[in-house]
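Throughout, protein chains are lettered first and strands after them, A, B, ... in sequence-line order, and every chain is numbered starting at 1. Nothing here was measured: the structure is a model prediction, and the numbers come from that model.
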Amino acid sequence: MRLSRFPLATTKEMPADAQVISHQLMQRAGYIRKLGAGLYTWMPIGLKVLQKIEAIVREEMNRAGALETLMPAIHPAELWQESGRWEIMGAEMLRLKDRHGADFCYGPTHEEVIVHTARQDIRSYKQLPINYYQIQTKFRDERRPRFGVMRAREFIMKDAYSFHMTQEDLAREYENMRAAYIRIFTRLGVDFRAVQADSGNIGGSASEEFHVLAGAGEDLLAVAEGGSYAANVEAAITKPLPPPAAPGAALTKVSTPGQKTCEQVSKFLNVPLSGKVKLLVVKGVEGGLVAIALRGDHQLNEIKAGKHPKLASPLTMADPAEVQRVFGAEVGYLGPVGCPVPVIADHAAAAIADFVCGANDNDHHYTGANWGRDASYVEQADLRNIVEGDASPDGVGTIKFYRGIEGGHIFQLGRKYTQAMGFTVLDETGAAVTPYMGCYGVGVSRLAAAVIEQKHDAAGIVWPDAIAPFRLLICPIGSDKSPAVKEAAEKLYAELLAAGVEVALDDRGQRPGSMFADAELIGIPHRLVIGDKGLATQQFEYKQRSAAAAEMIPATVEAVLAKLAA
RNA sequence: CGGGGCGUAGCUCAGCUUGGUAGAGCGCUUGCUUCGGGAGCAAGAGGUCGCAGGUUCGAAUCCUGUCGCCCCGACCA
């Protein structure tokens, strides 16, 4: 590619609306242009990157035996009503009507469509297992799109769906996809982690996320140092702890005027946060109230709580007025001693003795409270977020947190959708059975941003070779004045093209400074400078984007190819 | 959805408080000089100040509405 014929719209100025580095760099380097909130145009240079990511994903899916399809972006409402998700998806789903007034949505995901398609075409166990995939545009009306293409409303996703006769075969394909995903992320050239995950409103049982590790990541990952456990914090489990020590202090009611939060009470009474039990009042599954007891320094995990059989799903906090009526005290002075509603204690809260808690009396707390003697719970459960320093739930290692950007997610869905949508096939005995289903997603457009979050420096993007828009950029110095430079650059450009190298020639006639600045901003992995100085000794100047300094190499195409192969 | 902020040239912004004929830098065009880290000089092009009402002799500026965009929050006892 000749840059004189290729639109490079780089800018020195920071775009006003970009908060994270990948968004800033993608805009400054001219990879994307914003059309509206969460809506982006991929400019020619950006599309090159996107298509390279797509190609890697496509190759690995094909290698894993999945079959490419292309499904419509617009779906009839009936399909979503069948699965029950027409209501569940809520405002995140963009809905529209056609000229006849019929309801449609812009597909946020394609389980419904693929199950519908499969139930029409697949009738025999002989046709299973099968794994369909597509690389296609999705639309999710995010409550808050941000960070450019990292959380956009319209985005490119690879989604795959597999169908199986047995749970075991689903588990086998899940492992097959897991291996394919590891290959994909490895080929992208990024540091990543596969972590256990919550399956969200997609549903199903086993699920893992693939995260690109980056400080700007929206997800918090709990990774066992010295162990193998890794999970999204929202899904990381915590285990029961040994029972509390015997009571060592008497239950004492103390005046704590105006001290409502755990932090305030902790400071006021000079006890550590971890020595306090806080009570959260939520709606029970049968409408009444239930209290959740947590250690003062722990946070409720709403996903875990929402899944608890005694608690309303999704988790719903009690109305403060109702709490006042039932407890006779304000939120802020609640505790398990004399609690008027059933208490479910988090494992960690249940393991402490002589704790501080609200007295269910405004402006008062108890000290020296103990389970059994002073307070009771109906059940212990895992209801909190794991924290750094916790022992790994599998017993090996200690939890440390990382930030990650979710680039892929794989699920074993089971029969949730196949059952809801009446998809059956005949087995060997002629009986109709409901197949098992898995689904596997990669956020293709998000990955472009995620890679930049991890691979950049002060000058710009540092693309891994595998997804760079060009592998090598030739910068001729003063080619207007020096026929020798121009000739050498043109010759090398032609030779590299002939050798199949994705090479760009900066023939815009720019001065060196702006050529170098652009090369670094757009992140080309290899740069070759041709100038009269070097040519005098038959040399080119080669620099790898991430290297500290340039080096001189012989002015031959062979020497350049050798550097690219290194 | 709740709260806050911002819409002025392609981009980044000033001007608004205290109404009086539209500004800067970058970018762009042309010319000359320059040419190994985003060059200099000169001359240009480019905006119905988001949109709609209102107040006023007069509105980018004041008022109302509306649309768009950005940020924060919606994990709390």
Looking at every strand, decide which applies to [X] at a 4.0 Å heavy-atom threshold: base, sugar-phosphate, or nothing.
{"X": "A:Val281", "result": "base"}
{"X": "A:Lys12", "result": "base"}
{"X": "A:Cys475", "result": "nothing"}
{"X": "A:Lys276", "result": "sugar-phosphate"}
{"X": "A:Met14", "result": "sugar-phosphate"}
{"X": "A:Arg28", "result": "base"}
{"X": "A:Asn301", "result": "nothing"}

For [N] versus [M], give the span between their [atom1] atoms, rounded off to a whole number of Å.
{"N": "B:C49", "M": "B:C41", "atom1": "P", "result": "33 Å"}
{"N": "B:U8", "M": "B:A24", "atom1": "C1'", "result": "12 Å"}
{"N": "B:G10", "M": "B:U18", "atom1": "C1'", "result": "33 Å"}
{"N": "B:G50", "M": "B:G15", "atom1": "P", "result": "15 Å"}
{"N": "B:G27", "M": "B:G44", "atom1": "C1'", "result": "14 Å"}
{"N": "B:G31", "M": "B:C13", "atom1": "P", "result": "33 Å"}
{"N": "B:C75", "M": "B:U12", "atom1": "C1'", "result": "38 Å"}
{"N": "B:C28", "M": "B:G38", "atom1": "C1'", "result": "16 Å"}

Quiz item: Can you tell if the side chain of A:Tyr542 reaches within under 4.5 Å of the side chain of A:Met552, non-hydrogen atoms only?
Solution: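 Of all side-chain heavy-atom pairs linking A:Met552 with A:Tyr542, none is under 4.5 Å.
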Quiz item: Are A:Val290 and A:Val341 side-chain neighbours, meaning at least one heavy-atom pair lies under 4.5 Å?
Solution: no
For [N], which nucleotide is its Watson-Crick or G-U wobble mate, given both distances must be under 3.5 Å?
{"N": "B:A14", "value": "none"}
{"N": "B:C62", "value": "B:G54"}
{"N": "B:A22", "value": "none"}
{"N": "B:U34", "value": "none"}
{"N": "B:C6", "value": "B:G68"}
{"N": "B:G73", "value": "B:C1"}
{"N": "B:U48", "value": "none"}
{"N": "B:U29", "value": "B:A43"}

Quiz item: How far apart are the C-alpha atoms of A:Met26 and A:Ile452, what are their side-chain angles, what is the distance that settles it, and do they pass the side-chain contact (heavy atoms from CB on, under 4.5 Å) test?
Solution: CA-CA 8 Å; A:Met26 288 180 91; A:Ile452 294 171; 3.4 Å; yes
Quiz item: Should the pair A:Arg33 and A:Trp42 be classed as cation-pi, given the thresholds of under 6.0 Å to the six-membered ring centre and 45° from the axis?
Solution: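 Because its charged atom misses either the 6.0 Å distance or the 45° angle limit, A:Arg33 does not stack over A:Trp42.
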Exercise. Is it possible for you to check whether A:Arg140 lies under 6.0 Å from the centre of the six-membered ring of A:Phe155, through NZ or CZ, and within 45° of that ring's axis?
Key: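 No, A:Arg140 and A:Phe155 do not form such a contact.
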Interatomic distance, [X] [atom1] vs [N] [atom2] [rounded to whole Å]:
{"X": "A:Arg33", "N": "B:C69", "atom1": "CZ", "atom2": "P", "answer": "18 Å"}
{"X": "A:Asp297", "N": "B:C75", "atom1": "CG", "atom2": "C1'", "answer": "15 Å"}
{"X": "A:Asp518", "N": "B:G27", "atom1": "CG", "atom2": "P", "answer": "12 Å"}
{"X": "A:Glu92", "N": "B:C1", "atom1": "CD", "atom2": "C1'", "answer": "14 Å"}

Among [options], which is the nearest nucleotide to the side chain of [X]?
{"X": "A:Glu302", "options": "B:G25, B:G38, B:C75", "answer": "B:C75"}
{"X": "A:Leu521", "options": "B:C11, B:G38, B:C69", "answer": "B:G38"}
{"X": "A:Lys34", "options": "B:C69, B:G38, B:C11", "answer": "B:C69"}

Quiz item: For every nucleotide of nucleotides 32-37 of chain B, 5' to 3': is a protein heavy atom under 4.0 Å from its base (B), only from its sugar-phosphate (S), or from neither (-)?
Solution: --BBBB
Quiz item: Does a side chain donor of either A:Thr238 or A:Asp382 reach within less than 3.5 Å of an acceptor in the other side chain?
Solution: yes
Practice problem: Would you please say whether a donor-acceptor pair under 3.5 Å links the side chains of A:His211 and A:Glu406? | Solution: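 Distance-only check fails for A:His211 and A:Glu406.
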Quiz item: Is the shortest side-chain N to carboxylate O distance from A:Lys543 to A:Glu551 below 4.0 Å?
Solution: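 Looking at A:Glu551 together with A:Lys543, the answer is no, because their closest N to O distance does not fall below 4.0 Å.
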Practice problem: Take A:Val149 and A:Arg446, measure what side-chain contact (heavy atoms from CB on, under 4.5 Å) needs, and give me the verdict at the end. | Solution: CA-CA 6 Å; A:Val149 297; A:Arg446 172 183 284 181; over 6 Å; no
